[in-house]
Protein chains: 2
Amino acid sequence: MEEIRKDNTEEKILEAARTVFTKKGMDGARMQEIADEAGINKALLHYYFRSKQKLFEAIFSHVFKQIFPDIRSFIQAQKPIEEKIKIFSARYMELLMLNPYLPAFLLRELQRDPEFLASVIKSQGVNPGELLTMLKAEMGSGQIKNMDPRELLINLLSLIIFPVAAGPLLQIMFFGDDPDAYNEFLTRRKETIATFILHSILVK
Amino acid sequence: MEEIRKDNTEEKILEAARTVFTKKGMDGARMQEIADEAGINKALLHYYFRSKQKLFEAIFSHVFKQIFPDIRSFIQAQKPIEEKIKIFSARYMELLMLNPYLPAFLLRELQRDPEFLASVIKSQGVNPGELLTMLKAEMGSGQIKNMDPRELLINLLSLIIFPVAAGPLLQIMFFGDDPDAYNEFLTRRKETIATFILHSILVK
DNA sequence: GTCTATATGGCGATAGAC
DNA sequence: GTCTATCGCCATATAGAC
């Protein structure tokens with residue numbers, strides 16, 4: 001259910017703020033730069049959003065919603081666990097490759113203001129419980145090895161998110177600073193991550 | 001080979017700057033806060049390090065050296081690959097658990113100024129080539145499955161680094177915001193990461 | 001709603017006494 | 001080497017015309 005981005009000023013501000021904040025972070029972003037990006041002036045930013053903090057919070061909540069999307073749309077309940085993990089990896093990698101700044105942005109800001117993070121989590125009702133219950137059920141039915149489902153989920157998230165978050169570094173160190181080569185590597189991972197995980201958890 | 005931290009002013013500044021910079025980042029850090037942490041005044045910071053930028057660069061280089069430590073001290077050449085991976089995981093996790101701010105700090109700053117990052121990498125002569133060659137040799141001798149050694153290494157780093165970098169978030173979402181529970185989880189990973197990896201790559 | 005002009009505060013950096 | 005006092009700039013935020 002995609003929101004329709006209207007061509008009004010508020011939407012232009014939100015899009016500009018998203019661009020600048022995710023790249024520079026709260027501390028590094030400048031209201032002037034956001035205004036330039038939106039093609040307006042600083043005063044108008046304060047007219048629509050009272051302060052930089054308020055504007056940031058709007059962006060953060062939106063980004064958070066995006067990076068913790070509705071899990072049910074990823075994982076259809078009737079498919080076998082192999083399929084679920086394959087689909088989840090591929091879709092999530094695609095999402096991050098389209099928004100490569102998001103992971104590092106989130107990691108940065110959750111360290112800067114953990115209390116605000118906690119409030120966002122609460123207000124948005126993120127419930128990993130459902131996902132963990134599904135994994136536990138798969139373990140109970142003998143499809144995959146018995147383990148702490150949190151560990152499995154965190155392993156999966158690590159393999160997907162870290163290579164994007166650390167992209168600039170890994171690209172330089174392992175791929176001769178060639179963006180195309182690194183993007184190909186990330187694209188391959190859409191499949192290899194699932195393979196890698198499944199080799200570890202499938203009951204032989 | 002640990003440097004002896006002398007009790008002189010320069011060392012006090014470096015330690016204070018490290019504390020503040022790794023927690024707040026370059027943009028969020030304040031010279032006043034560093035001075036307070038060091039028990040001196042702002043002017044003295046500029047006396048020892050000309051500018052905030054210079055002080056930051058000193059800290060960044062030091063931290064970078066720490067997080068890309070001499071690999072040879074981790075991995076003794078005569079041991080089997082299973083042992084090498086176990087030792088590497090455990091030692092690296094210990095290092096990060098003692099310095100939980102480092103991963104997020106590095107991820108933040110490498111995005112802020114990729115060119116400075118590249119210059120640090122060059123000047124410090126980081127050579128993952130040696131490590132990749134070792135992995136490739138293990139594959140050639142049939143110990144582990146044939147794959148892109150970069151993929152294996154990046155998977156290993158992902159599983160180690162991400163859970164620390166995203167610690168504050170994962171702790172809230174999966175561990176009832178209990179720091180002790182989360183630390184126990186990380187401690188368990190010192191072993192489970194190696195197990196997880198080895199299940200995927202060992203030739204049966 | 002949108003703009004220009006300006007107030008207000010904070011921060012990096014320096015001057016200069018000791 | 002270490003301090004106090006201060007400069008000068010820049011960023012957020014507001015006042016007020018249109």
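Throughout, protein chains are lettered first and strands after them, A, B, ... in sequence-line order, and every chain is numbered starting at 1.
In this entry the distance linking CZ of B/F49 with C1' of C/dG12 reads 16 Å, nearest Å. Between the CG atom of B/L44 and the C1' atom of C/dA15 there is a distance of 15 Å, rounded to whole Å. Per the geometry, CD1 belonging to A/I40 stands 12 Å off P belonging to C/dT4, to the nearest Å. Straight-line distance from the NZ atom of B/K52 to the P atom of C/dG12: 5 Å, rounded to whole Å. For the pair A/K12 NZ and C/dT2 P, the interatomic distance rounds to 8 Å; values are reported in whole Å. C/dT6 atom P lies 21 Å from atom CE of A/M31, rounded to whole Å. Atom CG in B/L55 sits roughly 10 Å away from atom P in C/dA13 (whole-Å rounding). Regarding B/D27, its CG atom lies at a distance of 19 Å from the P atom of C/dG10, rounded to whole Å.
Between A/T9 and the phosphate of C/dG1, there is no side-chain N or O to OP1/OP2 separation shorter than 4.0 Å. Phosphate contact (OP1/OP2 of C/dA13, side-chain N/O of B/R50, threshold under 4.0 Å): absent. OP1 and OP2 of D/dT14 both lie 4.0 Å or more from every side-chain N or O belonging to A/H46. Contact check, A/N41 against C/dT2: no side-chain N or O comes under 4.0 Å of OP1 or OP2.
Here the nucleotide nearest the side chain of A/A43, chosen from D/dT14, D/dA13, C/dT14, is D/dT14. Residue A/R30 has its side chain nearest to D/dA11 when only C/dC11, D/dA11, D/dT2 are considered.
Nearest-nucleotide assignment on DNA chain C puts the 5′-proximal partner with A/Y47, out of A/Y47 and A/K42.
Within the 4.5 Å cutoff, the side chain of B/L169 has heavy atoms near those of the A/F68 side chain.
Rounded to the nearest 0.5 Å, atoms CG (B/N99) and CD (B/E94) are 12.0 Å apart.
Checked against the 6.0 Å centroid criterion, the rings of B/F21 and B/F56 qualify as a close aromatic pair. Note: B/Y101 and B/F105 fail the aromatic proximity criterion, with ring centroids not under 6.0 Å apart.
Using a 30° and 60° split on the angle between ring planes, B/Y182 and B/F175 fall in the perpendicular class, above 60°.
Across all strands shown, B/A29 has heavy atoms under 4.0 Å from sugar-phosphate atoms exclusively, and none from any base.
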